[in-house]
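Shown next, in structure tokens, is the structure this report addresses.
In what follows, residues are counted from 1 in the order of the sequence shown. None of these values were measured; they are calculated from a predicted model.
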Amino acid sequence: MTGDAGDMLSWDESVFRDESVFEIDHVPETFRHRESQLESLKYALRPAVRGSRPLNTVVRGPPGTGKTTAVQKLFGELGARTEVRTVRVNCQVDSTRYAVFSRLFEGIFEYEPPSSGISFKKLFGQITDRLVEEDEVLVVALDDVNYLFYENEASDTLYSLLRAHEAHSGAKIGVIVVSSDLGLDVIDDLDTRVQSVFRPEEVYFPVYDATEIYDILAERAKRGFHDGVIGDGELERVADLTADSGDLRVGIDLLRRAGLNAEMRASKTVSEEDVESAYDKSKHVHLSRSLRGLSDSERDLVRVLAEHDGERAGAVYDAFNDETGLGYTRYSEIINKLDQLGVIDAEYADVDGRGRSRELSLAYDAEAVVDRLE
């Protein structure tokens with residue numbers, strides 16, 4: 001270990017002023033470079049403040065472009081108004097209609113519904129009854145709505161929300177649909193019965209450019225680290241690596257891990273080596289998030305794929321069936337979901353004498369995938 005004693009941390013010191021600033025779900029005090037998107041969302045939500053149903057909205061953009069933060073920021077402002085109730089649902093966790101409405105129930109009544117024995121109709125009725133009784137407007141954000149599509153639950157969920165005012169006169173519900181899957185056409189992939197009533201405003205969040213990334217990360221570093229912990233050169237390197245990934249969350253996670261690396265060396269400053277070594281983990285932040293939301297059987301298939309990377313679907317299925325006992329229908333459903341998530345690549349190829357078969361391969365290094373399944 002090198003450096004003067006004055007450059008070393010004592011056992012009770014930290015490079016962090018506020019480590020929570022580097023949490024992925026932290027809502028920053030200053031939200032930069034999304035002014036036009038925020039204004040568009042405010043325009044759609046303004047009727048709620050006047051006691052009317054807000055305009056429905058589709059929010060689209062690649063991962064790590066500020067969509068969730070924008071919703072949380074506006075919900076924080078709306079939450080201060082007693083006549084507007086806001087609930088954000090993480091559809092990666094709550095990926096069925098019943099789970100979504102259970103989360104809405106919890107957001108409205110501030111306790112969870114019974115875990116069993118209550119029908120969807122009753123759950124739905126209790127929610128709308130309370131909204132009418134309290135004369136409240138409910139604004140629902142379906143964050144990562146693509147997961148509802150992967151489970152074929154999106155149309156039923158949206159239909160129930162959009163038709164609530166017909167099922168219960170006086171119920172006022174607006175919906176913000178948030179998607180990070182650019183391959184998903186939210187409108188076209190819904191049932192026609194939903195398309196006929198869903199005419200949303202659209203707000204797009206593009207990838208941050210290099211200057212914007214540096215600006216945002218510099219602000220996080222200023223709030224999260226003590227003065228002098230990270231220099232301009234190291235911060236520029238973090239910004240460059242983040243720009244390469246196109247995902248701001250990579251940079252935020254990278255700042256935190258680089259700070260932890262500096263502390264491991266008992267150093268008061270972050271070095272470029274701290275940044276480079278941290279990047280090996282931070283660059284997979286999207287993979288880690290995708291894997292966290294998988295069920296046990298879905299994780300089992302990812303593990304089997306890591307062991308049979310690049311093999312045809314039939315061989316992978318045999319290994320998966322031996323491991324889980326699940327049939328081909330469920331296997332095929334999981335393959336489609338993992339493909340949509342970007343965890344795997346499933347491409348059709350010609351097989352001599354057998355027509356076309358899918359070849360499956362991981363979209364990430366197999367070792368990185370297995371490490372994050374542990």
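Between atom CD1 of residue Ile108 and atom OG1 of residue Thr128 there is a gap of 9.0 Å, rounded to the nearest 0.5 Å. Taking CG of Asn146 as the reference point, atom CD of Gln340 lies at 9.0 Å (rounded to 0.5 Å). The distance from the CG atom of Leu360 to the CG atom of Asp339 is 8.5 Å, given to the nearest 0.5 Å. In this structure, the separation between CG on Asp94 and CD on Glu106 is 9.0 Å, given to the nearest 0.5 Å. Expressed to the nearest 0.5 Å, how far CG of Asp345 lies from CG of Leu338 amounts to 11.0 Å. Here Thr68 contributes atom OG1 and Asn90 contributes atom CG; the two are 8.0 Å apart, rounded to the nearest 0.5 Å.
Val58 has its side chain within reach of Phe198: a pair of non-hydrogen atoms, C-beta onward, lies under 4.5 Å apart. Residues Asp143 and Val71 form no side-chain contact, since every pair of their non-hydrogen atoms from C-beta on lies 4.5 Å or further apart. Considering only heavy atoms from C-beta on, Val316 comes within 4.5 Å of Val304 through its side chain. Between Glu134 and Asp129, the closest side-chain pair of non-hydrogen atoms is not below 4.5 Å. Proximity of Asn261 to Glu273: side-chain heavy atoms (C-beta onward) are nowhere separated by under 4.5 Å. Proximity of Pro28 to Glu219: side-chain heavy atoms (C-beta onward) are nowhere separated by under 4.5 Å. No side-chain heavy atom of Val59 sits under 4.5 Å from any side-chain heavy atom of Ser179. Met264 has its side chain out of reach of Leu260: every pair of non-hydrogen atoms, C-beta onward, lies at least 4.5 Å apart.
Between Arg46 and Glu201 there is no salt bridge, since no side-chain N of the basic residue sits under 4.0 Å from a carboxylate O of the acidic one. Electrostatic pairing of Glu298 and Arg330 counts as a salt bridge here, judged by a charged N lying under 4.0 Å from a carboxylate O. Between Glu19 and Arg256, at least one side-chain nitrogen of the basic residue sits less than 4.0 Å from a carboxylate oxygen of the acidic one, meeting the salt-bridge criterion. A salt bridge does not link Lys337 to Glu333: none of the charged side-chain nitrogens sits closer than 4.0 Å to a carboxylate oxygen. A salt bridge is absent between Asp253 and Arg249; no separation between the charged side-chain nitrogens and carboxylate oxygens falls under 4.0 Å. The residues Arg17 and Asp227 are annotated as salt-bridged, a charged nitrogen and a carboxylate oxygen being separated by less than 4.0 angstrom. A salt bridge does not link Asp296 with Arg299: every distance from a Lys NZ or Arg NE/NH1/NH2 to an Asp or Glu carboxylate oxygen is 4.0 Å or more. Under a 4.0 Å N-O distance rule, the pair Glu153/Arg97 does not qualify as a salt bridge.
Side-chain atoms of Asp18 and Ser20 include a donor-acceptor pair closer than 3.5 Å. Side-chain contact, Ser271 with Asp274: a donor N or O sits under 3.5 Å from an acceptor N or O.
The shortest non-hydrogen separation linking Ser14 to Glu263 is OG-OE2, 2.6 Å. Considering all non-hydrogen atoms of both residues, Pro54 and Gly174 come closest at CG-CA, 3.6 Å. Residues Ile335 and Ala346 share a closest heavy-atom pair of CG2-CB, 4.3 Å. Among all heavy-atom pairs drawn from Ala366 and Ala306, the shortest one is CB-O, 4.1 Å. The shortest non-hydrogen separation linking Ala262 to Thr269 is CB-O, 3.6 Å. Nearest heavy-atom pair, Val250 versus Thr242, reported as atom, atom and distance to 0.1 Å: C-OG1, 4.4 Å.
The closest donor-acceptor contact from the side chain of Glu166 to the backbone of Arg163 lies at 3.5 Å or more, if one exists at all. No donor-acceptor pair under 3.5 Å is formed between the side chain of Thr69 and the backbone N or O of Gly66. Side chain of Asp209 to main chain of Thr211: a donor-acceptor pair is present (N/O by atom type, distance under 3.5 Å, no hydrogens or angles). A distance-only check finds no donor-acceptor pair linking the side chain of Ser95 to the backbone of Tyr147 [under 3.5 Å]. A donor-acceptor pair under 3.5 Å is absent between the side-chain atoms of Arg88 and the main chain of Phe75, judged by distance alone. Although no hydrogens or angles enter the test, the distance criterion places no donor-acceptor pair under 3.5 Å between the side chain of Arg223 and the main chain of Val21. Between the Ser40 side chain and the Ser36 main chain, a donor and an acceptor come within less than 3.5 Å of each other. Not a single donor-acceptor pair under 3.5 Å links the side chain of Ser332 to the backbone N or O of Thr329. Under a 3.5 Å cut-off, the side chain of Asp309 and the backbone N or O of Leu362 do form a donor-acceptor pair. Asn321 contributes a side-chain N or O that, together with a main-chain N or O of Leu326, makes up a donor-acceptor pair within less than 3.5 Å.
Placement of Val285 and Val369 in two distinct hydrophobic clusters is found when ILVMFWY residues are connected by side-chain heavy-atom separations under 4.5 Å, directly or transitively. Under the 4.5 Å side-chain heavy-atom criterion for ILVMFWY residues, a single connected hydrophobic cluster contains both Ile213 and Phe31. Val207 and Val203 are not part of a single hydrophobic cluster, where members link through side-chain heavy atoms under 4.5 Å apart. There is a path of hydrophobic side-chain contacts, each under 4.5 Å, that joins Leu38 to Val49. Val100 and Leu190 end up in the same hydrophobic cluster when Ile, Leu, Val, Met, Phe, Trp and Tyr side chains are linked at under 4.5 Å.
Only one option out of Leu158, Leu148, Asn56 pairs with Val177 in a side chain to side chain contact (heavy atoms under 4.5 Å, CB included); it is Leu158.
For residues 78-105, the ring-ring contact (aromatic ring centres under 6.0 Å, His included) pairs, not counting sequence neighbours, are Phe101-Phe120, Phe101-Phe124, Phe105-Phe109, Phe105-Tyr111. Listed by first then second residue, pairs satisfying ring-ring contact (aromatic ring centres under 6.0 Å, His included) with a partner in residues 201-258 read Phe16-Phe225, Phe22-Phe225, not counting sequence neighbours. Counting only residues at least two apart or in different chains, salt bridge (charged side-chain N to carboxylate O under 4.0 Å, His left out) contacts with residues 170-184 comprise Asp135-Lys172. Applying the ring-ring contact (aromatic ring centres under 6.0 Å, His included) test to residues at least two apart or on different chains, the pairs with a partner in residues 259-294 are His284-Tyr364. Screening residues 50-76 for salt bridge (charged side-chain N to carboxylate O under 4.0 Å, His left out) gives no qualifying pairs among residues at least two apart or on separate chains.
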Subject >> Residue pair Ser10, Glu13: steps toward the side-chain hydrogen bond (donor to acceptor under 3.5 Å, both in side chains) verdict >> reply: CA-CA 5 Å; Ser10 62; Glu13 287 184 304; 3.1 Å; yes
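The ring of Tyr331 has its center closer than 6.0 angstrom to the ring center of Tyr328.
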Sequence neighbours left out, cut at 3.5 Å: what donor-acceptor pairs do the side chains of residues 229-240 make with other protein atoms?
from   : atom 1 : to     : atom 2 : distance (Å)
Glu234 : OE1    : Gly231 : N      : 3.4
Arg237 : NE     : Glu276 : OE2    : 2.6
Arg237 : NH2    : Glu276 : OE2    : 3.2

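Shown here is Glu29, whose CD atom has no more than 12 heavy atoms of other residues, nucleotides or ligands within 6.0 Å. Counting non-hydrogen atoms of neighbouring residues, nucleotides and ligands closer than 6.0 angstrom, the CD atom of Glu35 exceeds 12 such neighbours.
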